Amino acid sequence: MKIGDKHYRTIWLGDDGWSVEVIDQTLLPHAFELMRLTNVAEAAAAISTMVVRGAPLIGATAAYGMALAAHEDASDKNLQNAHAMLLATRPTAVNLRWALDDMRGRLLAVPQGHRRKLAYKRAAQICDDDVATCQGIGQHGGKLIREAFEHKGGGDAVNVLTHCNAGWLATVDWGTALAPIYTAHDAGIPIHVWVDETRPRNQGAALTAYELGSHGVPHTVIVDNAGGHLMQHGMVDLCITGTDRTSAHGDVCNKIGTYLKALAAYDNDVPFYVGLPHSTIDWSIGDGVAGIPIEQRDGEEVSHIRGVNGDGKGTTVRLVPKGAKVGNFAFDVTPARLVTGLITERGVCPASRDGLLELYPEQAATAA
Ligand code: MRU
């Protein structure tokens, strides 16, 4: 996607041919700065501090983290340590484990002298695949938006509500939930996006609004509690969110608050779709509510809020009484029964084991 006139991905190989460059997402939308990652510890820190975030980008960064480890020392021991260090960064997005297992499996299978080159090649391939996958999600999901437009009589803009940031900043390019929106917008379908601010870290207000604005997609930022009201009053035609882990039965784990949006959508007959790449499906888990680990993050993300003051200077303020106890559950699970359909790179399917296996028959033996 473009920032100004320049096309960016969210992660790429540095000009030196071995270090890795990312966009520091903790500074957006107020500053656009790049960060250079030179070793596995820096890659792990970038993931855990959310310099990079979003399930697919976490996976891509982990893959490059393994490449940085191989660049330093491609021994079995060092690669195993790198795998463990990166895996410990964030527990919910399953793309992390998917990418790490893929990299470790391939690297340990070849002689040590071949590993460095293979690691960079495979990390680049994971990134390219993610772009193609997200484009596929955009094509399939874009059709749903076109149908909604036609259903409305082909005049008024389609109103889509989204939660968190599942756009190009959460992936390598295009995004998952936002790929259908970009595809429809680029095809000339009038579209307007309700952007949930997404407390506590405000990925909607900061990142989704930044992305949509840069691409010229009309949007309005709303507080997280507004969605139900808008749906009750016919102001939302469909919801599309991303997911950090999808169970084999179609339960969807995504940023905290997604479940409440799905409940409101269900109560108001608003279609609720989820965009996802295959790397987000955890075939080993059936019941997502019971089985998916929910990350709990530092309470300071809830008790404090960051922004810029009138002079454009970054500042952090406390919102709660000093010493107040806070809880910071980062994700929740929306049961499959509340999900209208899953938009994947292979097509749209019902949120169910049968639906997913129809698109991914090769997983029949492993699916819970
Ligand atoms: O905590 P984050 O910012 O990594 O959470 C991101 C989300 O919840 C996204 O909506 C999700 O990763 C879908 S990704 C395309």
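Each ligand, and each atom within it, is numbered from 1 in the order the structure gives. Residues: numbered from 1 along the sequence shown. This is a predicted model, so every value here is computed, not measured.
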key: T10 side chain vs T171 backbone, donor-acceptor pair below 3.5 Å   = yes

message = Under 4.0 Å, heavy-atom basis, I'd like to know which part of T241 is in contact with ligand 1: side chain, backbone, both or neither.
response = neither

inquiry  = Does the residue M50 have a heavy-atom contact with ligand 1, meaning some pair of atoms that are separated by less than 4.0 Å?
reply    = yes

query = Heavy-atom contact under 4.0 Å between G175 and ligand 1?
reply = no

ask   = Can you say whether the rings of Y8 and W12 are parallel (under 30°), tilted (30 to 60°) or perpendicular (over 60°)?
value = tilted

message = Using a 4.0 Å heavy-atom cut-off, which part of R90 comes near ligand 1: side chain, backbone, both, or neither?
response = side chain

Ligand 1 versus A55: contacting region, heavy-atom distance under 4.0 Å = both

inquiry  = Give the atom numbers and elements of ligand 1 that come within less than 4.0 Å of a heavy atom of P56.
reply    = 14 (S), 15 (C)

Closest approach of any protein heavy atom to atom 5 (O) of ligand 1, naming residue and atom = K255 CE, 3.3 Å

inquiry  = Less than 4.0 angstrom from a charged side-chain N to a carboxylate O is my criterion; do K255 and D224 meet it?
reply    = no

Close N or O approach (Q203, ligand 1; < 3.5 Å) = yes

message = Polar contacts were defined as any N/O atom of the residue lying under 3.5 Å from an N/O atom of the ligand; does this apply to G242 and ligand 1?
response = no

key: Proximal ligand 1 atoms for N165, defined as those under 4.0 Å from one of its heavy atoms   = 9 (C), 10 (O)

message = Any nitrogen or oxygen of R53, side chain or backbone, less than 3.5 Å from one on ligand 1?
response = yes

query = Among protein heavy atoms, which lies nearest atom 15 (C) of ligand 1, and at what distance?
reply = T176 OG1, 3.0 Å

Enumerate, atom names and distances included, each donor-acceptor pair closer than 3.5 Å involving a side-chain atom of residues 130-144, sequence neighbours excluded.
residue: D130; atom: OD2; partner: V172; partner atom: N; Å: 2.9
residue: T133; atom: OG1; partner: D129; partner atom: O; Å: 2.8
residue: H140; atom: NE2; partner: E345; partner atom: O; Å: 3.3

Atoms of ligand 1, numbered as shown, that sit under 4.0 Å from any heavy atom of A166 = 10 (O), 13 (C), 15 (C)

request  = Just need the protein heavy atom nearest to atom 11 (C) of ligand 1, so name the residue and atom and give the distance.
outcome  = D244 OD1, 3.1 Å

task = Run the salt-bridge test on D76 and R115 with the 4.0 Å N-O cut-off and return the result as yes or no.
result = yes

task = Considering heavy atoms of the protein only, find what lies nearest to atom 10 (O) of ligand 1 and give residue, atom and distance to 0.1 Å.
result = N254 OD1, 3.0 Å

key: From W174, Y182, W168, Y210, residue fulfilling ring-ring contact (aromatic ring centres under 6.0 Å, His included) relative to H215   = Y182

inquiry  = For Y360, is the OH atom crowded, meaning more than 12 foreign heavy atoms sit under 6.0 Å from it?
reply    = yes

inquiry  = For A330, state whether at least one heavy atom is located under 4.0 Å from any atom of ligand 1.
reply    = no

message = Using side-chain heavy atoms (C-beta onward) and a distance below 4.5 Å, is C253 in contact with I294?
response = yes

request  = May I ask you to identify, for A93, whether its side chain, its backbone, both or neither come under 4.0 Å of ligand 1 on a heavy-atom basis?
outcome  = neither

ask   = Could you walk me through whether Q25 and R53 pass the side-chain hydrogen bond (donor to acceptor under 3.5 Å, both in side chains) check?
value = CA-CA 8 Å; Q25 299 193 22; R53 28 66 52 201; 3.1 Å; yes

message = Can you tell me if L207 contacts ligand 1 (heavy atom of the residue under 4.0 Å from the ligand)?
response = no

key: Any residue meeting side chain to side chain donor-acceptor pair (under 3.5 Å) with E301, in chain and number order, not counting sequence neighbours   = R201, R297, N328

ask   = So, D15 and R36, do they make that salt bridge, N to O below 4.0 Å?
value = no

